[in-house]
Amino acid sequence: MSRAEVDLNSATVWDETYSVDRAAGKRRIDQPRLEFLVGEMRDWWQYHLDIESPALLDLGCGDGEMLRRVHAELPGWRKAGIDIAAKTLDVARGENPGFTFEARSIYDIGAQSADVVWCGETLEHLDRPEMAIDSMVASLRPGGYLVCSVPNERMNPSPDHVREFSVGDAMKLTEGCGDLLRVRVVGNAGWASIVWSARKR
């Protein structure tokens with residue numbers, strides 16, 4: 001069975017994907033997206049200095065690599081991750097003591113009361129990215145930041161993607177959820193991602 005014929009929203013598929021990546025030493029986090037996320041977190045925090053330990057929620061967190069990288073920059077934040085890949089989350093718990101991980105659907109995050117929600121390179125794999133965005137926004141406190149990234153369709157077509165995004169497509173996903181803050185295309189000759197942030201009204 002080819003990759004195009006499997007259910008890309010399956011826990012089994014993503015547990016296998018993360019396992020293969022880890023065995024090959026492949027990292028799923030790059031410096032430009034990390035810096036963008038940390039920058040948005042710092043921006044949010046400067047307006048909320050009364051909150052001693054803000055909450056970051058990572059959706060599609062895998063083994064928690066992004067949360068580990070963020071923790072090195074902002075150790076005072078509380079960190080939680082959600083992914084459908086339950087076996088991979090067992091790895092995440094072992095490598096990230098003190099963080100919270102939960103196996104559940106991105107379409108039903110629940111009331112997390114997060115200050116910043118990060119969703120990196122996940123929306124392109126979903127059948128219903130708009131519904132996922134609604135779920136993310138519901139998990140944010142008023143004034144919280146939603147920070148997302150997706151591959152730029154012009155450089156990253158992939159059989160693993162349910163949908164490819166242009167910058168305009170990406171902006172439409174969040175136009176109803178809040179005020180657009182920043183948008184940037186980051187990458188190099190081999191890849192590019194659109195990263196952007198919005199503030200919940």
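As a basis for the values below, the full set of heavy atoms in this structure was taken, side chains included, without hydrogen atoms, waters or symmetry mates.
Looking at N96 and H71, their side chains never come closer than 4.5 Å, going by heavy atoms from C-beta outward. A 4.5 Å side-chain heavy-atom check between D15 and T17 finds every atom pair outside the cut-off. You'll find the side chain of W118 stays beyond 4.5 Å of the side chain of V70, heavy atoms only. With a 4.5 Å cut-off on side-chain heavy atoms, V147 and V117 do not count as touching. Here the side chains of L173 and L123 are in contact, with some heavy-atom distance below 4.5 Å. Side-chain contact check for E175 versus L180: every heavy-atom pair is 4.5 Å or farther apart. Taking 4.5 Å as the limit, every side-chain heavy atom of N152 sits out of range of all side-chain heavy atoms of S166. At a threshold of 4.5 Å between non-hydrogen side-chain atoms, the residues M66 and C61 do not count as touching.
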Requested in this report: Any chance you could lay out the side-chain contact (heavy atoms from CB on, under 4.5 Å) test for C148 and I133, step after step, and finish with the verdict?
Outcome: CA-CA 10 Å; C148 299; I133 291 289; 4.2 Å; yes
**Report entry** Full working for side-chain contact (heavy atoms from CB on, under 4.5 Å) between E73 and R42
**Finding:** CA-CA 10 Å; E73 301 285 337; R42 292 188 190 280; 3.6 Å; yes
**Report entry** side-chain contact (heavy atoms from CB on, under 4.5 Å) between E40 and V116, intermediate numbers included
**Finding:** CA-CA 9 Å; E40 298 307 274; V116 175; 5.8 Å; no
Report task. Show the numbers, then the answer: is there a side-chain contact (heavy atoms from CB on, under 4.5 Å) between V137 and L146? Result -> CA-CA 7 Å; V137 173; L146 174 60; 4.2 Å; yes
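Considering every non-hydrogen atom in both P32 and V186, the closest pair reads CB-CB, 3.7 Å. The two atoms that bring L57 and S139 nearest to each other are CD2-OG, 4.1 Å, heavy atoms only. In this structure, R78 and S53 approach most closely via the heavy-atom pair NE-O, 2.8 Å. Taking all atoms of both residues into account, the shortest heavy-atom contact from F101 to R93 is O-NH2, 3.1 Å. Looking at every heavy atom in both residues, T88 comes nearest to W14 through OG1-O, 4.3 Å. The two residues D115 and P54 have their closest heavy-atom pair at OD2-CA, 3.2 Å.
Judged purely by atom type and a 3.5 angstrom limit, K200 has no side-chain atom pairing as donor or acceptor with the backbone of P142. Side-chain N or O atoms of T174 include none that pairs as donor or acceptor with a backbone N or O of C177 at under 3.5 Å. No donor-acceptor distance shorter than 3.5 angstrom exists from the side chain of R163 to the backbone of E124, with no hydrogens or angles considered. With hydrogens and angles disregarded, a donor-acceptor distance shorter than 3.5 Å links the side chain of R104 to the backbone of D108.
A chain of hydrophobic side-chain contacts below 4.5 Å, direct or via other Ile, Leu, Val, Met, Phe, Trp or Tyr residues, connects L34 to W44. Linking Ile, Leu, Val, Met, Phe, Trp and Tyr residues whenever their side-chain heavy atoms come within less than 4.5 Å leaves L67 and V91 in two separate clusters.
Here CG of L181 is found 4.0 Å from OG of S197. Values are rounded to the nearest 0.5 Å. Rounding to the nearest 0.5 Å gives a distance of 12.5 Å between OG1 of T100 and CG of D58. The CG atom of L56 sits 14.0 Å away from atom OH of Y145, with the distance rounded to the nearest 0.5 Å. Atom-to-atom distance recorded for E95:CD and E65:CD is 9.5 Å, nearest 0.5 angstrom.
For A170, the side-chain contact (heavy atoms from CB on, under 4.5 Å) partners are V150, I194, W196, not counting sequence neighbours. Legend: residues meeting salt bridge (Lys or Arg N to Asp or Glu O under 4.0 Å) with R184, ordered by chain and number and at least two apart, are absent.
Both tests hold for R128 against Y107: distance to the six-membered ring centre under 6.0 Å, angle to the ring axis within 45°.
Atom CD of E52 has 12 or fewer neighbouring heavy atoms from other residues, nucleotides or ligands inside a 6.0 Å radius.
Using a cut-off of 4.0 Å between Lys/Arg side-chain N and Asp/Glu carboxylate O, K172 and E130 are scored as not salt-bridged. A salt bridge is absent between D90 and K87; no separation between the charged side-chain nitrogens and carboxylate oxygens falls under 4.0 Å.
Side-chain contact of D83 with Y18: a donor-acceptor pair under 3.5 Å is present, judged by distance alone.
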